[in-house]
*Asks:* 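Just dropping this structure here.
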Amino acid sequence: MQRTNFFFLLSLSGILIFYTLSAQPSKTEKRIAAEVDLHAVQALDLLKEVVNINSGTFNFGGVKQVGAVFTRELKALGFETKWISGETFHRAGHVLATHKGKRGKKILLIGHLDTVFEPDSPFQTFEMLNDSMMHGPGAADMKGGDVIIILALQALRDAGLLADLNIEVIMSGDEEASGFPLALSKYDLIEAAKRADYALGYEDGDGLATKAVIERRGASDWTLTVKGHAAHSSQLFTAEVGNGAIYEASRILKTFYDSLKGEENLTFNPGLIAGGNTVNFDSLHNQASAFGKNNIVAQDVIVKGDLRAVSTMQVQRVKKSMQKIVAENFPNTTAHIDFGENGYPPMTATEGNKKLLKYYSRVSTDLGFPSQEAVNPRDAGAADICFVNDWVEMALDGIGLPGTGGHTIHETANTNYLAIEAKRSAVLIYRLAFEKALE
């Protein structure tokens with residue numbers, strides 16, 4: 001009997017120890033979650049409102065209109081708001097909102113207003129495919145993330161916590177196609193990062209609600225220009241004429257492929273190509289036109305592409321390899337590759353970012369949701385947080401609205417996660433600001 005009681009007590013003590021170590025939401029955090037639920041229907045209506053406004057990056061009026069909607073919501077929460085004109089960097093502009101509170105820690109929340117769907121796209125309005133899946137332009141990338149920011153802040157306000165918080169929100173108008181010069185386009189984002197301790201980005205990640213982003217590959221543009229000797233096609237491959245610009249461009253691209261394909265976390269995508277006797281490129285709208293004939297050796301080729309890598313070291317090494325390949329020209333051709341300034345630096349997986357992911361995962365499990373893992377950097381593109389990462393103690397991204405089909409007319413978002421993601425974000429913001437139960 002005594003032995004049985006001993007093992008019973010030992011087992012009971014183990015349960016009690018486990019229960020003690022397994023944190024539960026505090027009374028305040030339960031209230032935050034409850035306040036999110038009270039605004040969930042309103043949040044869905046807000047998402048429908050902004051998805052139905054075309055805000056393709058080059059539709060400046062539409063981007064400003066979406067910015068006005070979120071400015072309205074942020075003002076109602078007590079934020080000081082400012083519209084930053086994009087005239088100097090050839091884009092619509094950004095929303096910057098500031099809330100000054102008593103807490104020392106400063107938190108930056110990052111969203112964007114623009115989408116890849118311009119007014120001439122057939123994809124313009126939302127529709128509910130069922131009770132949870134929304135089909136709409138920018139629903140996941142990233143108007144859903146913007147709405148999560150608003151929903152989380154509303155919950156913090158109604159829980160009586162927002163007044164104490166130091167929070168800055170920036171929603172850029174050129175995330176999908178950065179303005180230029182980049183120093184002006186990203187100036188306000190970087191300055192906000194310098195003022196912050198933590199940065200939270202509400203881009204989509206890999207579409208899974210069990211993962212968040214601590215590492216993103218950088219993305220830089222490249223332009224390959226090739227010159228050949230224009231002549232009658234009958235003279236192709238002669239010593240006087242050579243191989244022509246199109247063959248030289250083909251050699252370069254094929255050698256890129258053979259030499260660099262397969263390297264981990266590296267991609268180098270030629271996204272646009274035009275060649276012929278004459279080529280014209282419109283940089284503002286990213287469009288090319290060419291004139292040529294099948295009996296004229298091509299004189300000009302232009303190729304526009306991007307380079308994505310996980311570290312600055314990898315970027316520099318690959319650029320050197322590409323430059324070497326470009327320089328080994330076919331007869332009577334010349335080529336040049338230019339790596340433009342409008343690039344995204346890599347978001348490196350710092351120790352701080354890893355720690356913030358642990359905090360976020362802890363919040364998730366404390367609220368009864370799944371634990372969180374890091375997104376594979378190959379499964380998430382570059383984002384505005386890449387410009388922020390080097391300026392804050394910790395950064396986390398990909399905590400927006402999960403969805404599928406981003407950048408295509410098949411884009412969807414799971415609206416069931418509006419409340420879930422807002423609860424996780426609001427409690428994380430509370431814990432970061434008040435330095436509560438982070439470990």
Side-chain angles (χ1 to χ4, degrees), residues 110 141 174-178 180-183 185-186 189-190 193 199 201 203-208 211-225 249 251-273 303-328 335-357 373-398 406-407:
I110 303 169
D141 185 14
D174 67 340
E175 196 275 344
E176 300 294 1
S178 294
F180 56 92
L182 204 62
S185 166
K186 303 304 178 186
L189 176 65
I190 293 171
E203 269 283 6
D204 53 338
D206 63 358
L208 298 177
K211 293 184 180 180
V213 175
I214 60 172
E215 178 181 27
R216 285 188 182 273
R217 295 187 299 160
S220 56
D221 297 336
W222 52 267
T223 301
L224 174 66
T225 52
R251 175 199 69 80
I252 292 169
L253 296 177
K254 179 63 163 58
T255 311
F256 285 172
Y257 178 89
D258 291 339
S259 302
L260 301 171
K261 179 180 175 291
E263 183 170 331
E264 187 176 9
N265 292 322
L266 174 69
T267 54
F268 41 96
N269 178 58
L272 178 150
I273 185 169
V303 185
K304 303 288 289 187
D306 76 358
L307 170 65
R308 296 175 184 262
V310 78
S311 70
T312 302
M313 185 179 297
Q314 187 180 35
V315 170
Q316 295 304 323
R317 177 173 48 77
V318 170
K319 282 182 178 180
K320 288 181 180 179
S321 295
M322 295 174 78
Q323 289 166 335
K324 183 174 184 296
I325 291 166
V326 167
E328 297 170 348
H336 175 74
I337 190 166
D338 176 66
F339 295 97
E341 295 181 0
N342 271 22
Y344 282 68
M347 176 191 184
T348 305
T350 65
E351 290 304 313
N353 294 1
K354 294 173 185 177
K355 186 178 290 187
L356 187 53
L357 176 61
E373 298 178 354
V375 172
N376 185 323
R378 283 286 271 127
D379 296 333
D384 277 341
I385 203 164
C386 293
F387 295 97
V388 168
N389 192 60
D390 290 343
W391 298 103
V392 293
E393 294 175 21
M394 302 179 188
L396 187 70
D397 199 13
H407 287 207

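Side chains are part of it too, since the values below use all heavy atoms of this structure and drop only hydrogens, waters and symmetry mates.
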*Asks:* Tell me which one of L272, T223, I273 satisfies side-chain contact (heavy atoms from CB on, under 4.5 Å) with V303.
*Replies:*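 Result for side-chain contact (heavy atoms from CB on, under 4.5 Å) with V303: I273.
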*Asks:* Got a donor-acceptor contact below 3.5 angstrom from the R217 side chain to the N265 backbone?
*Replies:*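 Judged by distance alone, yes, a pair lies under 3.5 Å.
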*Asks:* Do you know which two heavy atoms are closest between L357 and A212, and how far apart they sit?
*Replies:*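 Closest pair (atom of L357, atom of A212, distance): CD1-CB, 3.9 Å.
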*Asks:* Decide side chain to side chain donor-acceptor pair (under 3.5 Å) for D206 and N376; before the verdict, give the C-alpha distance in whole Å, the side-chain angles of both, and the deciding distance to 0.1 Å.
*Replies:* CA-CA 8 Å; D206 63 358; N376 185 323; over 6 Å; no
*Asks:* Determine yes or no for a side-chain-to-main-chain donor-acceptor pair under 3.5 angstrom, with W222 supplying the side chain and D306 the backbone.
*Replies:*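 Side chain of W222 to backbone of D306, a donor-acceptor pair under 3.5 Å: yes, one is there.
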*Asks:* Nearest 0.5 angstrom please: E175 CD to I110 CD1, how far?
*Replies:*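 Between E175 CD and I110 CD1, I get 10.5 Å after rounding to 0.5 Å.
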*Asks:* With a 4.5 Å cut-off on side-chain heavy atoms, are T348 and S311 touching?
*Replies:*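 SC-SC contact between S311 and T348 ruled out.
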*Asks:* Just verifying a value: how many Å separate Q314 CD and E263 CD, rounded to the nearest 0.5 Å?
*Replies:*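 The distance works out to 4.5 Å.
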*Asks:* When you measure from the side chain of R308 to the backbone of A219, do you find a donor-acceptor pair of N or O atoms at a distance under 3.5 Å?
*Replies:*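 No; judged by distance alone, with no hydrogens or angles, the pair does not exist.
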*Asks:* What is the minimum heavy-atom distance between A199 and L356, and which atoms define it?
*Replies:*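 Minimum heavy-atom contact is O-CD2, 4.2 Å.
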*Asks:* Search all heavy atoms of K211 against all heavy atoms of A374 and return the closest pair with its distance.
*Replies:*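 Minimum heavy-atom contact is CD-O, 4.2 Å.
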*Asks:* Hey, does S220 have a side-chain heavy atom less than 4.5 Å from the side chain of K319?
*Replies:*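 Heavy-atom side-chain distance check passes, below 4.5 Å.
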*Asks:* Working to the nearest 0.5 Å, report the span between CG of D397 and CG of D204.
*Replies:*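 Answer rounded to 0.5 Å: 8.5 Å.
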*Asks:* Working to the nearest 0.5 angstrom, can you tell me the gap between D338 CG and D221 CG?
*Replies:*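 Going from the CG atom of D338 to the CG atom of D221 covers 9.5 Å.
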*Asks:* Enter the distance from L253:CG to M322:CE here, rounded to the nearest 0.5 Å.
*Replies:*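 Atom-to-atom, L253:CG and M322:CE are 8.5 Å apart.
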*Asks:* So for atom CD, which belongs to Q323, do other residues, nucleotides or ligands contribute more than 12 heavy atoms lying within a distance under 6.0 Å?
*Replies:*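 Counting other residues, nucleotides and ligands, CD of Q323 exceeds 12 neighbours.
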*Asks:* Considering non-hydrogen atoms only, spot the tightest contact between L396 and I385 and give its length.
*Replies:*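 Where L396 meets I385 most closely, the heavy atoms are O-CD1, 3.4 Å.
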*Asks:* Would you name the heavy atoms of V213 and G205 that are closest together and state the gap between them?
*Replies:*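 Heavy-atom minimum between the residues: CG2-CA, 4.1 Å.
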*Asks:* So which heavy atom on T255 is nearest to which on R251, and how close?
*Replies:*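 Closest pair (atom of T255, atom of R251, distance): OG1-O, 2.7 Å.
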*Asks:* Mind jotting down which residue pairs meet the salt bridge (charged side-chain N to carboxylate O under 4.0 Å, His left out) criterion with at least one end in residues 374-396? Sequence neighbours excluded, please.
*Replies:*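 Those involving residues 374-396 are K105-E393, K186-D384.
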*Asks:* Assess whether salt bridge (Lys or Arg N to Asp or Glu O under 4.0 Å) is satisfied between K324 and E328, documenting all intermediate values.
*Replies:* CA-CA 7 Å; K324 183 174 184 296; E328 297 170 348; 2.9 Å; yes
*Asks:* Determine yes or no for a side-chain-to-main-chain donor-acceptor pair under 3.5 angstrom, with N389 supplying the side chain and M347 the backbone.
*Replies:*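 It does not hold such a pair.
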*Asks:* So how far is it from I325 CD1 to I337 CD1, rounded to the nearest 0.5 Å?
*Replies:*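 I325 CD1 to I337 CD1: 9.0 Å, rounded to 0.5 Å.
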*Asks:* Please examine the side chains of V326 and F256, heavy atoms only from C-beta on, and report whether any two atoms are closer than 4.5 Å.
*Replies:*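 In short, these two side chains touch, coming nearer than 4.5 Å.
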*Asks:* Given 3.5 Å as the limit, does a donor-acceptor pair link the side chain of E215 with the main chain of N353, or not?
*Replies:*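 No, E215 side chain to N353 backbone: no donor-acceptor pair under 3.5 Å.
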*Asks:* Counting only heavy atoms not in E264, do more than 12 sit closer than 6.0 Å to its CD atom?
*Replies:*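 No.
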*Asks:* For the residue pair F387 and Y344, does the interplanar ring angle fall in the parallel (under 30°), tilted (30 to 60°) or perpendicular (over 60°) class?
*Replies:*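 Taking Y344 first and then F387, their aromatic rings sit tilted (interplane angle of 30° to 60°).
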*Asks:* Less than 4.5 Å apart, any side-chain heavy atom of F268 and any of L260?
*Replies:*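 Yes; the side chains approach each other to less than 4.5 Å.
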